[in-house]
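Chain A is the first sequence line, chain B the second, and so forth, proteins listed ahead of strands; every chain is numbered from 1. Everything numeric in this text was worked out from a predicted model, so none of it was measured.
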Amino acid sequence: GENVEQHPSTLSVQEGDSAVIKCTYSDSASNYFPWYKQELGKRPQLIIDIRSNVGEKKDQRIAVTLNKTAKHFSLHITETQPEDSAVYFCAAKWGGGTSYGKLTFGQGTILTVHP
Amino acid sequence: NAGVTQTPKFQVLKTGQSMTLQCAQDMNHEYMSWYRQDPGMGLRLIHYSVGAGITDQGEVPNGYNVSRSTTEDFPLRLLSAAPSQTSVYFCASSYSDSLYFGPGTRLTVT
């Protein structure tokens, strides 16, 4: 099956700095890589995703990059704000293809943005 | 639309008891899944369904049963609760790759 490793487990930055979270995956057939944000006591919510035929995707202050050869992908948050503080999870889809909804998640990164 | 709903929000069980966690979605999504979340381990897939009448096992299926008789509902049954099943359980639905999670059920087994 798929295995996803996520680093770092905790990340502390000053407001306005950039934050980068990295994930590696094991299954070369995986073709979909989402990132979820989870605030304390809330459900995970999708913030950005990327497919294997794309190298980079941006949405305002958030970007994701994918290196298929090295089997790793990263989340980049620029100009961080206190409301970015949360737990971030990366994930990879099981087995590629049309196995919709079957994700393997990383262990999570606790991001703290200090004002 | 209510999206994905789960009941109960909190539950305490004694070892050996059984119960059913309810999940419903009103978005007409074909795909539904159950995940459990434990500290430091992310979310792990328990069971999965691609449509009414069709279910499949995920990473950690032991001790859990599911069935999918309708598109809307996907209950998760704990047959004989164990302390190792203490966790937060999230139901999710999707029509493609993007998952929509429910609010979660926090389960404690003593």
Side-chain angles (χ1 to χ4, degrees), chain A residues 1-10 21 23-27 29-54 57 59 64 86-110, chain B residues 2-7 9-10 21 23 25 27-52 54-61 66 68 71 74 76 87-106:
Chain A
E2 177 66 278
N3 184 49
V4 177
E5 296 288 332
Q6 181 172 345
H7 299 280
S9 56
T10 61
I21 303 170
C23 289
T24 60
Y25 62 98
S26 61
D27 187 354
S30 292
N31 60 6
Y32 174 70
F33 308 92
W35 285 89
Y36 286 83
K37 176 183 180 182
Q38 186 178 31
E39 297 175 347
L40 190 62
K42 301 288 183 62
R43 73 191 79 187
Q45 295 203 304
L46 179 69
I47 55 172
I48 196 167
D49 55 15
I50 193 167
R51 300 189 184 279
S52 57
N53 58 350
V54 176
K57 183 177 178 181
D59 183 3
V64 57
V87 182
Y88 291 80
F89 292 97
C90 63
K93 188 167 77 173
W94 278 35
T98 58
S99 53
Y100 297 133
K102 296 174 70 173
L103 300 178
T104 296
F105 284 82
Q107 297 85 348
T109 296
I110 301 171
Chain B
V4 182
T5 57
Q6 291 183 238
T7 57
K9 290 186 178 180
F10 302 95
L21 279 61
C23 174
Q25 54 94 6
M27 298 176 283
N28 201 34
H29 287 170
E30 284 186 79
Y31 309 99
M32 296 186 74
S33 47
W34 277 101
Y35 289 82
R36 60 178 288 174
Q37 183 174 31
D38 302 296
M41 300 185 74
L43 292 95
R44 292 180 292 168
L45 181 64
I46 305 172
H47 281 289
Y48 172 80
S49 171
V50 300
I54 306 170
T55 63
D56 197 3
Q57 294 183 350
E59 296 176 68
V60 288
V66 292
R68 183 109 178 262
T71 299
F74 190 41
L76 178 73
S87 187
V88 179
Y89 291 85
F90 287 100
C91 177
S93 73
S94 63
Y95 64 91
S96 65
D97 288 320
S98 303
L99 288 186
Y100 295 83
F101 284 96
T105 294
R106 183 174 294 275

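- At a 4.5 Å heavy-atom cutoff, the contact between B:Phe90 and chain A is made by side-chain atoms alone.
- Residues forming a side chain to side chain donor-acceptor pair (under 3.5 Å) with B:Ser33 (at least two apart in sequence, or on another chain): none.
- Counting non-hydrogen atoms of neighbouring residues, nucleotides and ligands closer than 6.0 angstrom, the CZ atom of B:Arg106 reaches no more than 12 such neighbours.
- Each of B:Met32, B:His29, B:Met41, B:Gln37 has some count of heavy-atom pairs under 4.5 Å with chain A, and the biggest count is that of B:Gln37.
- When heavy atoms are compared at a cutoff of 4.5 Å, B:Val50 does not approach chain A at all.
- Along residues 40-50 of chain A, the residues that come nearer than 4.5 angstrom to chain B, judged on non-hydrogen atoms, are A:Lys42, A:Arg43, A:Pro44, A:Leu46, A:Asp49 in order of number.
- With a threshold of 4.5 angstrom between heavy atoms, B:Tyr35 approaches chain A through side-chain atoms but not through N, CA, C or O.
- With a threshold of 4.5 angstrom between heavy atoms, A:Gln38 approaches chain B through side-chain atoms but not through N, CA, C or O.
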For B:Leu99 and A:Tyr36, what are the C-alpha separation, side-chain angles and deciding distance, and is it a side chain to side chain contact (heavy atoms under 4.5 Å, CB included)?
-> CA-CA 10 Å; B:Leu99 288 186; A:Tyr36 286 83; 3.1 Å; yes
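- Nearest heavy-atom pair across B:Glu59 and A:Leu103 is OE2-O, 4.3 Å.
- Within the 4.5 angstrom heavy-atom criterion, no atom of B:Asp38 approaches chain A.
- Annotation: side chain to side chain donor-acceptor pair (under 3.5 Å) contacts of A:Glu5 (sequence neighbours excluded): A:Asn3, A:Gln107.
- B:Gly42 approaches A:Phe89 most closely through the heavy-atom pair CA-CE2, 3.5 Å.
- Annotation: side chain to side chain donor-acceptor pair (under 3.5 Å) contacts of A:Thr24 (sequence neighbours excluded): none.
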